[in-house]
Amino acid sequence: MYNQISASLNDFIDNELSLDSVQKKTLLKKQKLTLSDSLKKGHWTSNLCLIASNLAKKNPQDIASALIPVLESKSEIAKVELAGPGFINIFLTREAFLNQLDNAHNDPSYFLNSSNTSKEKIQIEFVSANPTGPLHVGHGRGAAYGDAIGRILERLGHEVSREYYVNDAGRQIDILACSIFLRKFECFKNEFPESAYKGSYILEIADAIELDIGITKSEKESLIDNLPNDNEERIDALIERIKINYPEAWSTIRDFGLSYVIESIREDLTKFKVIFNNWFFESSLGELTDKKSEISKALAKVQKDHAYEKNGAIWLESTKFGDDKDRVIIREDGRGTYLSADLAYHRNKLDRGFDTIINVWGADHHGYIKRIEATIEAMGYSKKQMQVQLVQFANLFENGSKVKMSTRSGNFYTLKQLIDDIGPDASRFYYLSKQADQHLDFDIGIARSNSKDNLYYYIQYAHARISSVEKKFLELKQPLPKKFNDVDFDECDELLQMALSAQFVIKSSGENLQPHLIIYYLRDIAQNFHQFYNNVNILNADEKHKNNIMRTLMIVKSVIASSFQLLGIEPLENM
RNA sequence: GCGCCUGUAGCUCAGCUGGAUAGAGCAACGGUUUUCUAAACCGUGGGUCAGGAGUUCGAAUCUCUUCAGGCGCGCCA
């Protein structure tokens with residue numbers, strides 16, 4: 001129906017309005033055919049006359065009086081009204097209204113076909129937390145978000161690949177290995193070093209490694225003797241000493257610790273129903289010392305035209321591409337920077353043939369966007385191919401007070417705890433309940449409660465209620481209806497109109513990468529249903545109407561279920 | 001100082017690619033169950049959409065500006 005009306009409107013623009021091609025283009029772009037937000041305004045609404053009146057310098061009324069007869073000549077359209085400042089409200093015939101519902105129910109992309117958005121290959125990189133410890137509740141938000149936009153984009157017909165970038169090279173991992181080593185062989189005096197990882201998982205890993213290097217008491221003492229006072233310098237010195245004195249134990253512990261942590265992250269994400277297509281290891285980019293490695297090749301590419309030497313380091317002229325200042329890509333001591341690895345990683349991603357790559361980053365990285373864009377341009381790619389989506393941290397509350405989180409001390413609320421506590425589905429729901437790039441206050445108390453302020457259950461309850469009615473209906477030995485059979489019965493229209501809008505909500509949430517729009521839609525349709533349920537005695541309704549009512553409920557149920565699934569949430573049959 | 005984000009009902013927030021009277025939940029008060037799940041529904045009160053200016057037929061939405069709050073600006077990752 002949407003397509004038919006659109007076609008008529010486009011015809012009208014082409015033939016009936018004396019506009020030049022530029023004006024036509026703006027008109028086509030600005031005019032919108034939308035589902036009316038209230039049935040008083042018909043089923044469909046167009047603002048065409050309002051926009052056109054500006055361009056053609058005519059009254060909206062005059063344009064409407066030419067347009068209305070064209071639309072009314074269609075057999076599916078019952079009447080067309082001019083309303084408000086110049087909107088066109090289109091009322092369909094009963095048959096046409098109900099028909100589009102059957103069509104949309106059978107084809108989840110019924111209204112989406114018209115859009116000529118091409119099918120794209122999209123890569124989403126998200127979570128990508130350093131593998132130095134378990135995921136915490138902050139990471140959970142990025143995980144829920146990245147996965148949800150993946151599901152939504154897939155639904156819109158795109159091909160999506162989910163990727164986790166594993167920073168398995170560099171200092172952080174050395175600190176991890178060092179922390180495990182110190183715990184394993186109990187090489188510390190009274191206090192564990194401030195800059196080491198102190199979480200209990202370090203002890204777990206230390207216990208799990210089977211390794212005995214026969215280290216003596218005096219060796220331990222000399223290892224921790226005369227260390228620098230500064231916390232950061234101290235940990236670096238420890239790392240150096242261990243590497244030199246116990247090279248084999250070091251690499252055993254490093255490898256074991258790393259894969260242990262990565263495996264536990266993977267398990268947590270699996271519980272959270274987030275499955276990656278690819279785990280990309282920073283180490284696979286190779287070493288800077290190896291001229292044939294990917295990282296060397298990528299750096300060579302930008303060094304050729306866009307880099308210079310200063311103070312012993314190699315700098316990328318990122319200011320040429322819009323960055324605030326130039327950036328070091330090779331340090332004075334010859335090691336690469338974080339940016340150099342990221343540069344090579346992005347080159348690798350772009351060369352894999354994705355139309356779009358989406359990076360989901362913590363909001364504290366927003367200063368990094370210009371830098372990486374500049375890097376991409378310096379390598380000769382277009383920054384338009386990359387999109388960065390920022391995810392703000394989530395503050396966790398319990399009974400109104402903030403749950404304390406301190407990563408260094410290792411004393412923090414993990415994602416696993418959250419999932420065990422309120423389940424993956426309620427967690428995902430609340431993570432997605434607000435626009436991703438804004439602060440989120442997440443109250444575990446509410447998420448866990450059965451009270452009426454738990455929006456998650458409010459929506460699930462609508463789904464469960466329909467399931468229950470459906471079961472009762474089947475017990476009456478009546479088959480579930482396959483179509484509407486009472487054309488004149490209109491008590492379900494409001495619910496049905498709302499069900500229709502699902503496809504538009506999904507489209508918009510995909511285009512804007514905003515899953516929270518689906519949450520608010522779900523709330524609205526659930527509310528509409530609960531009202532309906534209270535007003536209509538479904539199973540005792542007139543036999544003539546019961547069929548239509550059940551058909552309506554089936555459609556609403558399927559809309560709720562499929563919307564939930566786009567968020568990675570399983571709809572409940574019973575509560 | 002520079003950059004990004006935010007400011008909508010008492011509280012938590014929707015709405016922001018301009019559209020018809022600015023919405024919801026919570027909180028407050030008052031109602032609804034011999035009937036399909038009351039984790040529900042109905043009603044009442046509550047707003048200078050931070051302030052100001054501009055663009056427009058039309059602004060919570062776009063532009064500029066002021067104020068208030070948050071975050072980011074390493075040869076860290």
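Note on naming: letters A, B, ... go to the chains in the order of the sequence lines (proteins, then strands), and numbering restarts at 1 for each one.
Asp230(A) has no carboxylate O lying under 4.0 Å from a charged side-chain N of Arg234(A), or vice versa, which leaves the two without a salt bridge. Comment: Arg327(A) engages Asp323(A) in a salt bridge, judged by a side-chain N to carboxylate O separation of less than 4.0 angstrom. By the 4.0 Å N-to-carboxylate-O rule, Arg335(A) lies too far from Glu287(A) to be salt-bridged with it.
A donor-acceptor contact under 3.5 angstrom links the side chains of Glu232(A) and Ser195(A), judged on distance only. Side-chain contact, Glu282(A) with Asn167(A): a donor N or O sits under 3.5 Å from an acceptor N or O. Using modelled atom types, one finds a donor on one side chain and an acceptor on the other under 3.5 Å when comparing Asn348(A) with Glu294(A).
We find that the ring of Phe87(A) and the base of A20(B) stack, their centres lying under 5.5 angstrom apart and their planes tilted less than 30°.
Within residues 550-560 of chain A, no residue approaches RNA chain B, by heavy-atom distance under 4.0 Å.
Using a 4.0 Å heavy-atom cutoff across all strands shown, His365(A) reaches at least one base atom of the nucleic acid. Across all strands shown, Asn54(A) has heavy atoms under 4.0 Å from base atoms, whether or not it also approaches the sugar-phosphate.
Taking only side-chain atoms of Asn167(A), from C-beta outward, the nucleotide of G15(B), U21(B), A77(B) with the closest atom is A77(B). Closest contact between the side chain of Gln527(A) and the listed nucleotides A77(B), C73(B), C41(B) involves C41(B). The side chain of Tyr458(A) lies closest to A40(B), out of C75(B), A40(B), G25(B). Checking G15(B), C75(B), G19(B) against the side-chain heavy atoms of Pro85(A) singles out G19(B) as nearest. Distances were taken from every side-chain heavy atom of Asn534(A) (C-beta onward) to each of C36(B), G72(B), C41(B); the shortest belongs to C41(B). Distance from the side chain of Arg327(A) is smallest to G74(B) among C71(B), G74(B), A40(B). Taking every side-chain heavy atom of Tyr520(A) into account, C13(B) is the closest of C13(B), C73(B), C36(B).
A donor N or O paired with an acceptor N or O is found under 3.5 Å between the base of A20(B) and the side-chain atoms of Asn89(A).
Taking atom C1' on both nucleotides, U61(B) is separated from U6(B) by 15 Å, rounded to a whole Å.
For the pair Gly367(A) and Leu50(A), both in contact range of RNA chain B, the more 5′-proximal nearest nucleotide belongs to Leu50(A).
Side-chain contact between Gln31(A) and Asn47(A) is present, with at least one heavy-atom pair separated by less than 4.5 Å.
The side chain of Arg331(A) places an N or O atom within less than 4.0 Å of a non-bridging phosphate oxygen (OP1 or OP2) of C76(B).
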